[in-house]
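First comes the structure, then the notes that go with it.
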Amino acid sequence: MTIFDISTTGRRATAQAPLNIANVDDLIPKALQRSQETILPEVSELEVVRHYTRLSQKNFSIDTHFYPLGSCTMKYNPRGAHHAASMPGFKQRHPLAPLVYSQGYLSCIYELQEFIKDVTGMKGVSLTPMAGAQGEFAGVAMIKAYHLSRGDFVRDEIIVPSAAHGTNPATAVMCGFKVKEIPVKSDGDVDLEALKQVVTERTAGIMLTNPSTCGVFERDIETISKMIHKAGGLLYYDGANLNAILGRVKPGDMGFDVMHLNLHKTFATPHGGGGPGSGPVAVGERLLPFLPTPIVGKQHQSEKVTYYWLTEKDIPQSIGRLSAFMGNAGILLRAYAYSLLLGRDGMHEVAEFSTLNANYLLKRLEQAGFKIAYPTRRASHEFLISFSREAKEYKVSAMDVAKRLLDYGFHAPTTYFPLLVPECFLIEPTETESKEIIDAFVEAMINILDEIKSNADIVKKAPHSLPVKRLDDVKAVKELDVRWESGKNS
Amino acid sequence: MTIFDISTTGRRATAQAPLNIANVDDLIPKALQRSQETILPEVSELEVVRHYTRLSQKNFSIDTHFYPLGSCTMKYNPRGAHHAASMPGFKQRHPLAPLVYSQGYLSCIYELQEFIKDVTGMKGVSLTPMAGAQGEFAGVAMIKAYHLSRGDFVRDEIIVPSAAHGTNPATAVMCGFKVKEIPVKSDGDVDLEALKQVVTERTAGIMLTNPSTCGVFERDIETISKMIHKAGGLLYYDGANLNAILGRVKPGDMGFDVMHLNLHKTFATPHGGGGPGSGPVAVGERLLPFLPTPIVGKQHQSEKVTYYWLTEKDIPQSIGRLSAFMGNAGILLRAYAYSLLLGRDGMHEVAEFSTLNANYLLKRLEQAGFKIAYPTRRASHEFLISFSREAKEYKVSAMDVAKRLLDYGFHAPTTYFPLLVPECFLIEPTETESKEIIDAFVEAMINILDEIKSNADIVKKAPHSLPVKRLDDVKAVKELDVRWESGKNS
Amino acid sequence: MAFIPHTQQDIAAMLATIGVDSIDQLFDEIPEALRAGILTHVPEEMSEMDVLRLMSDRAASDANVSSFIGAGAYEHHIPSAVWDIATRGEFMTAYTPYQAEASQGTLQLIYEFQSMMTQLTGLDVANASLYDGATALAEAILMAARYNKRFAGKKVLLPRNIHPHYLQTVKTIVAHQGIELAEIDFSATTGQIDLACLAQFKPDDVLAVVIAQPNFFGVMEDVDAMTDWAKSHNALVIGVVNPTSLAALKPPGQWGTEGADIAVGEGQPLGVPVASGGPYFGFMCAKQALVRQMPGRIVGRTTDLDGKEGYTLTLQAREQHIRRGKATSNICTNQGLTVTAATIYLSLLGLEGLKRVANDCVVKTHQLVSELTKLPGVELLFNSPYFHECALRLPVDGHVIQQKMQEKCITPGLNLQPYFPEFGNALLLCVTETKTDADLSCYVDAFKACLK
Amino acid sequence: MAFIPHTQQDIAAMLATIGVDSIDQLFDEIPEALRAGILTHVPEEMSEMDVLRLMSDRAASDANVSSFIGAGAYEHHIPSAVWDIATRGEFMTAYTPYQAEASQGTLQLIYEFQSMMTQLTGLDVANASLYDGATALAEAILMAARYNKRFAGKKVLLPRNIHPHYLQTVKTIVAHQGIELAEIDFSATTGQIDLACLAQFKPDDVLAVVIAQPNFFGVMEDVDAMTDWAKSHNALVIGVVNPTSLAALKPPGQWGTEGADIAVGEGQPLGVPVASGGPYFGFMCAKQALVRQMPGRIVGRTTDLDGKEGYTLTLQAREQHIRRGKATSNICTNQGLTVTAATIYLSLLGLEGLKRVANDCVVKTHQLVSELTKLPGVELLFNSPYFHECALRLPVDGHVIQQKMQEKCITPGLNLQPYFPEFGNALLLCVTETKTDADLSCYVDAFKACLK
Ligand SMILES: Cc1ncc(COP(=O)(O)O)c(C=O)c1O
Ligand SMILES: Cc1ncc(COP(=O)(O)O)c(C=O)c1O
């Protein structure tokens with residue numbers, strides 16, 4: 001039942017709009033007025049509350065379930081950070097408010113810029129990108145601007161490992177680059193030989209995550225860095241995995257020139273059922289002139305500290321503006337609060353305990369007979385296992401296992417990413433989960449393994465206990481139905 | 001799994017207490033210090049959030065289910081009223097704050113007193129009682145104080161209809177009275193003959209609800225009122241059913257001398273899983289001197305209006321104080337907001353539409369073959385049906401039907417109250433529910449009736465789809481287990 | 001038609017089913033004479049926006065004050081998670097868990113709450129809440145009387161150093177049961193119960209002794225001696241305790257050699273905002289022997305048809321809806337939602353966290369008091385150890401200090417004058433963990449200025 | 001160890017299972033040289049209480065101003081239910097619904113959102129959101145180019161009366177695709193797109209025309225004429241619309257004879273606080289023919305193994321996680337939670353409610369403007385009908401007015417000077433339903449005082 005199916009003509013939540021309807025016939029030319037009525041739902045306030053409260057209960061979420069979605073860092077989102085960002089003064093501040101009504105907000109944002117410089121080892125930060133992918137866009141656009149500013153017009157290629165997240169190649173293309181994919185070796189590190197082949201004078205840069213999406217630390221990073229820099233290219237760091245090394249290794253120290261952070265991952269801001277996130281970019285010396293605007297500056301005016309906006313006027317070579325205002329301000333405030341809650345020691349602990357949890361879970365699964373993709377390697381904060389054996393022997397796919405895990409009350413890990421490991425799970429427990437829950441997850445996995453051997457059908461037809469059974473994705477594409485229409489079945 | 005079962009020694013939600021533990025050894029004598037450690041849970045913040053979020057999902061509630069619990073007025077609790085009462089200035093105000101920091105709060109409370117006088121037709125109001133039962137206590141104590149103040153020492157009896165809510169006789173006893181029960185006739189009205197028998201010079205008063213707990217309007221109320229008053233007694237109005245006549249009939253006009261309101265019913269404040277509620281008392285002229293304190297007064301001081309507290313000094317004959325401060329302030333603020341949201345017309349509509357819904361539901365159930373307790377009467381905002389027939393023919397009890405309704409996604413109506421109607425349901429749909437949901441409820445009832453006839457076991461063993469099956473109440477008493485202990489099964 | 005979903009068509013269809021022409025007709029059993037006219041004091045309907053604007057303006061006029069009043073309501077940090085979860089619709093808009101199978105969330109939570117409270121108080125059983133601390137004390141006295149049926153002629157000893165409002169509430173509520181309340185005095189030097197006052201009572205003169213720990217003045221009583229004295233006189237001991245303090249202080253169940261019999265108190269410090277005095281909740285714990293005399297709801301663990309564990313209301317035969325006139329109390333609706341908050345609060349804090357809170361309050365109160373008592377004419381009213389509240393003698397009228405400090409948006413504490421005129425100028429102040437060193441300095445500076 | 005549950009025993013047991021001696025050892029694959037020292041700019045850990053205190057002090061310093069700025073972010077009443085429900089953990093702490101069966105709540109809600117947006121815009125399909133209105137416009141232009149593959153040499157016409165920040169964002173984002181952007185001017189008298197500027201373009205010169213309705217100045221465009229012109233030149237039409245206004249204004253799908261092809265806009269007015277500029281959300285709707293060129297997530301209705309209806313992400317082959325370099329956009333994380341809020345908002349308001357909001361804004365803006373234009377030297381910048389924003393010419397510097405009105409805690413609007421110096425002293429103001437008559441009087445009084 002959608003909200004449209006509950007709708008009844010003439011019903012209204014009367015408390016929520018002005019009590020009288022103002023006449024605008026003299027103010028809006030007739031020809032511009034709406035004549036066609038929309039079919040928005042007509043429902044009571046109770047119906048709305050009940051409908052969406054019940055809908056919400058159909059979701060798995062961090063607040064209700066272990067959610068080891070690799071590459072996504074589904075850790076506890078502190079309610080305190082949410083409250084701190086929801087103070088009326090913050091919620092009511094207009095983005096174009098005069099500076100005098102902005103010092104509270106700007107001071108938080110300025111400090112967050114400083115924190116991010118600290119943990120990344122970078123020289124400058126712009127918080128405006130609204131998600132990781134927009135951070136990538138900003139970063140690659142800066143790489144482009146850098147080369148162009150030096151009169152270096154031939155560099156039209158960005159190198160990306162085959163294991164990279166889809167946003168990496170997609171971003172490179174959006175920035176007008178060609179993508180050169182390079183393979184990953186069987187130990188999870190980049191194939192240096194292959195890399196050598198593609199590094200040329202056309203190389204604008206390389207995009208890497210480290211630890212990589214294979215769940216291992218790229219050990220040759222210093223070599224890669226030298227190789228790329230020597231060829232005149234720059235290094236982009238995809239910060240999706242920063243959680244694994246937060247406060248322990250600074251991307252700047254690895255030789256990266258530019259990076260984004262996913263605050264909705266590493267800084268524990270809520271994922272919101274798909275967003276909003278925030279993807280600040282941080283840069284080394286070379287890319288400082290190109291940072292996207294606006295940025296918050298700080299000045300001392302006769303004893304008093306004031307904060308202000310740096311715009312294109314201050315950064316004339318900036319790649320420009322990426323949003324109507326300055327990105328996802330509320331997410332930035334949450335990340336700021338999170339930083340304060342953790343403090344510097346807490347930042348280090350994020351890396352330590354997310355790594356401890358991942359390695360412990362890896363070892364337990366290995367002992368239970370699961371196939372580890374990179375068995376000779378330490379896990380970073382996440383790791384890969386493969387169901388290729390089960391797929392072959394029992395015709396049970398990684399997706400089947402994922403669905404079956406839902407029945408056991410666990411959200412499934414990321415499946416089929418990266419693509420190079422067949423039938424894989426990318427598993428990221430995060431530091432905020434306890435040993436007990438990891439042990440319970442292992443137990444469920446062992447049970448499922450037993451089921452695969454004894455009664456594969458129960459796995460193949462899973463889930464059995466959710467609001468719906470296995471959904472038909474193919475039909476969803478073939479018989480495209482993307483909006484409610486009166487009279488359509490429901 | 002209780003929160004204790006999740007607990008692990010040494011675990012902590014560190015953000016929630018001071019980071020360092022202060023030493024108090026010099027400040028608290030050793031002999032007074034705690035040595036025995038308690039076993040409070042030791043859990044992380046995520047564990048707490050997850051545990052209680054998941055627990056919450058095991059509840060039915062207005063926000064998730066139709067909840068036609070007779071006598072309880074489970075209507076929509078406007079989120080706006082909740083927000084209005086949760087403003088930081090209200091939440092932070094200390095109950096003993098100086099008047100200068102209290103004018104905002106007191107002005108709301110004063111106006112609520114005025115609103116309540118308006119809808120009850122009474123002369124004075126004290127908002128301090130914290131629930132209906134405490135309002136009853138205040139009211140009956142005032143009746144006692146009134147008689148005593150007149151030197152009338154023999155009145156030691158309170159008359160209560162057999163259909164009355166349990167709090168009525170319990171309150172009378174708490175106030176030191178003997179309870180005289182009188183029967184209700186087969187048409188739901190009080191048996192006037194029987195009443196005549198018990199009205200004597202020992203009659204301190206009578207407690208009535210009108211509409212009564214039988215779901216009908218007591219038509220002889222004027223006669224009763226005269227009868228009691230003539231005998232020197234006073235009339236107490238149990239306001240639990242005020243929803244049925246809000247703004248249409250004022251208890252003061254019916255001859256009642258004192259009453260309580262259940263703001264958590266009639267004024268839509270949330271029931272909170274058992275409370276808090278609020279049970280203001282309103283009185284006619286005679287009982288004004290006895291109102292419990294404190295009350296909010298208003299004065300004009302040189303152009304300026306100020307609000308202040310009336311205490312025992314101002315009301316020397318007051319029955320006194322009923323709470324440490326002034327009752328459930330936050331609930332009063334919600335009720336105030338609700339009054340503003342409804343406005344005077346909205347108040348009338350409460351009575352109209354709660355009555356419309358009840359009569360419609362009654363008629364539909366009657367047509368479907370259910371046995372109506374008072375078929376010749378209009379329903380008030382609620383009504384009684386009886387499963388005595390089904391109990392006899394199919395050995396299915398009202399409780400069985402109640403449990404089966406849960407499987408259909410409806411909270412059960414009130415069962416076995418009032419006791420005089422065997423195997424009964426007291427059904428109160430409230431005005432905020434739609435025709436559609438009432439129709440769906442009727443359909444479920446019809447289905448259950450079919451099941452009773454075709455497959456009674458499915459009803460007798462219900463519920464089948466809830467977190468637990470039918471619970472053993474007898475065991476809960478016999479093997480009393482009212483607290484978690486380490487090592488006990490879980 | 002705020003919150004009423006009926007369309008004109010709905011109304012017409014429903015009236016047709018019922019077989020009447022108008023909604024008015026549904027009220028035809030009500031005598032004409034009783035029909036009320038239009039309301040006069042309730043204003044016209046307002047939109048949610050207008051109500052929020054109005055009430056936020058009013059709330060703002062009471063806000064932004066740094067308050068150092070305790071006196072029964074304590075400002076503590078409330079973890080953000082507490083009310084985020086407690087106000088989830090499933091908790092907030094459910095009612096008393098009469099249908100246990102559809103209320104396992106609330107029921108299990110109350111069971112956990114009972115478990116936490118018995119742990120904190122060192123007693124055996126707890127109920128699911130009473131209205132507030134004051135009524136909980138009144139109910140405890142009624143309970144003691146029920147337990148000790150031959151109480152006629154025996155007295156309940158109520159020290160004058162419990163919260164004056166508790167004293168008043170108790171008087172109102174127990175007035176009708178023939179229970180004799182004897183107020184006993186406190187020592188003017190120690191602030192503790194005056195042992196000399198007790199000498200008059202012989203064994204079996206006393207039904208119960210009430211002991212507040214800490215007492216209204218923040219002073220800590222010698223609970224062991226008092227409890228042993230009570231026991232030696234065959235009296236029950238009712239402790240009135242601050243739940244935060246229980247993390248630092250000996251629990252009532254451990255007082256003296258036998259322990260207190262009943263512990264009650266105000267639950268507000270456990271995650272409930274001070275909010276003008278309510279909704280708070282009263283808690284009550286007791287020894288096992290008293291369980292059948294307890295007022296209020298109690299949740300028990302049991303099993304379902306499949307043997308799976310579950311929770312349900314138990315011992316309902318004590319309650320008004322079953323026992324009517326013979327119930328242990330008339331209480332029905334209690335303070336469920338604040339209990340929900342407190343349970344989440346206690347889970348988040350744990351004993352360790354609660355102890356940190358308690359100790360921090362104690363230390364900060366002493367810190368402020370030691371600064372203030374350096375000032376001329378400011379001195380401790382009592383020479384006993386105190387917890388997180390302290391009564392001070394002032395060189396000037398407490399009301400005047402209050403008014404002057406108002407200019408700095410500080411409420412310095414409760415002016416004791418109206419409550420205990422015998423002290424002359426006196427102030428009861430409280431510092432909790434919410435106050436920073438800077439807050440204390442502001443206080444001291446503002447206070448100094450008042451003395452000038 | 002904020003939020004980390006590990007006890008010493010846990011750590012020891014886990015290390016033993018892994019077979020290492022210390023957590024440090026788990027990092028042994030990382031070259032020594034890369035190990036960072038202690039952080040220097042991140043401060044020491046703070047408790048939640050301290051963080052809330054710090055940030056509430058800061059927030060308070062920005063608060064209590066009555067703002068009349070619109071310019072892309074609009075203060076509207078947000079029903080209390082909206083965020084109470086949107087912030088339920090199940091919505092707020094879930095991620096992109098990759099596991100459809102465990103995400104039916106989010107998926108169905110997005111499906112409902114898509115349905116509402118297509119209804120409002122009069123178009124066929126909608127996506128699940130883009131970052132904000134500005135990026136949505138950029139994506140719409142990229143989408144138009146993908147749809148019309150032979151776009152080389154063709155221009156996208158961008159009127160200078162769209163939001164200047166949108167213009168800047170578009171330039172940043174579409175810079176790398178060889179799309180030619182042609183800025184076109186607006187009429188200095190009407191504020192509308194200057195038709196004279198269009199004469200230079202012949203049929204097939206133009207890839208797409210962007211039309212903002214209302215435009216940055218609040219002025220309403222002749223969308224029918226513009227759309228018909230575009231269509232006669234074989235260009236796509238991209239409408240940039242304010243969603244509140246859609247309740248009152250002709251939907252893009254109805255512009256001209258054929259309707260616009262794509263409609264985008266800022267979703268913030270639908271229940272999202274202005275909150276310093278984000279998180280908001282960009283919406284995008286289009287004609288069916290363009291669906292496979294859409295960026296971002298789309299939810300479709302389908303059935304499960306039992307034939308029961310359910311929801312899932314669909315047309316994923318457009319997206320980066322499947323199509324990588326060939327995806328329709330690099331967007332991955334979108335603005336899900338604000339979409340959740342907007343969906344609840346639209347359900348509560350309905351078309352009727354939204355129209356009341358829209359009309360109230362329109363009327364109040366005109367009310368204020370008519371008062372102000374009575375003052376000497378204050379006049380309308382443009383002579384066209386305007387919606388809920390209006391550009392005024394001032395007799396004094398807008399910045400000075402702003403500073404003076406600050407004393408009354410009023411922000412009178414956006415000073416247009418930095419954006420359009422050619423206007424001289426000019427102000428863009430907006431009045432929404434949140435302002436009362438008293439607020440408008442205060443504004444007028446304060447404004448008058450500035451002119452003295
Ligand atoms: C490795 C990696 N890179 C980039 C991204 C893109 O980040 P976002 O979703 O915030 O745009 C993700 C997130 O899903 C990711 O996992
Ligand atoms: C008829 C009646 N009277 C009195 C009460 C007692 O009110 P409360 O629960 O608020 O104490 C109730 C509530 O359950 C009731 O239904």
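Proteins come first, then strands; the chains are lettered A, B, ... in the order of their sequence lines, and each starts at number 1. Bear in mind that the values here come from a model prediction, so they are computed numbers and not experimental data.
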| Between Phe325(B) and His163(C), what is the ring plane arrangement, given parallel below 30°, perpendicular above 60°, and tilted in between? | perpendicular
| request: Give the ring-plane orientation class for Phe3(C) versus Tyr76(B), where under 30° counts as parallel, over 60° as perpendicular and anything between as tilted. | output: tilted
| query | Do NZ/NE/NH1/NH2 and the carboxylate oxygens of Asp10(C) and Lys435(B) come within less than 4.0 Å? | reply | no
| Below 4.0 angstrom, N of the basic side chain to O of the carboxylate: do Asp304(C) and Arg470(B) qualify? |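 Judged by the 4.0 Å cut-off on N to carboxylate O distance, Asp304(C) and Arg470(B) do not form a salt bridge.
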| query | With His176(C), which residues qualify under ring pair (Phe, Tyr, Trp, His ring centres under 6.0 Å), at least two apart? | reply |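 Result, ring pair (Phe, Tyr, Trp, His ring centres under 6.0 Å) vs His176(C): Phe137(B).
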| task | May I have the step-by-step check of side-chain contact (heavy atoms from CB on, under 4.5 Å) for Arg364(B) and Thr17(C), ending in yes or no? | result | CA-CA 8 Å; Arg364(B) 294 247 14 229; Thr17(C) 299; 4.1 Å; yes
Part of [X] within contact of chain C (heavy atom distance under 4.5 Å):
{"X": "Tyr67(B)", "answer": "side chain"}
{"X": "Thr64(B)", "answer": "side chain"}
{"X": "Ala81(B)", "answer": "neither"}

| task | Pick whichever of Ala317(C), Gly336(C), Pro279(C), Gly89(C) has the most heavy-atom pairs under 4.5 Å with chain B. | result | Pro279(C)
| task | Take Phe115(B) and His41(C), measure what ring pair (Phe, Tyr, Trp, His ring centres under 6.0 Å) needs, and give me the verdict at the end. | result | CA-CA 6 Å; Phe115(B) 298 169; His41(C) 283 68; 8.5 Å; no
| task | Verify, without hydrogens or angle tests, whether Ser115(C) (side chain) and Trp484(B) (backbone) share a donor-acceptor contact under 3.5 angstrom. | result | yes
| salt bridge (Lys or Arg N to Asp or Glu O under 4.0 Å) partners of Glu45(B), counting only residues at least two apart |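 Glu45(B) satisfies salt bridge (Lys or Arg N to Asp or Glu O under 4.0 Å) with no other residue.
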| query | Centre of Phe27(C)'s six-membered ring, under 6.0 Å away, within 45 degrees of the axis: is that where NZ or CZ of Arg248(B) sits? | reply | yes
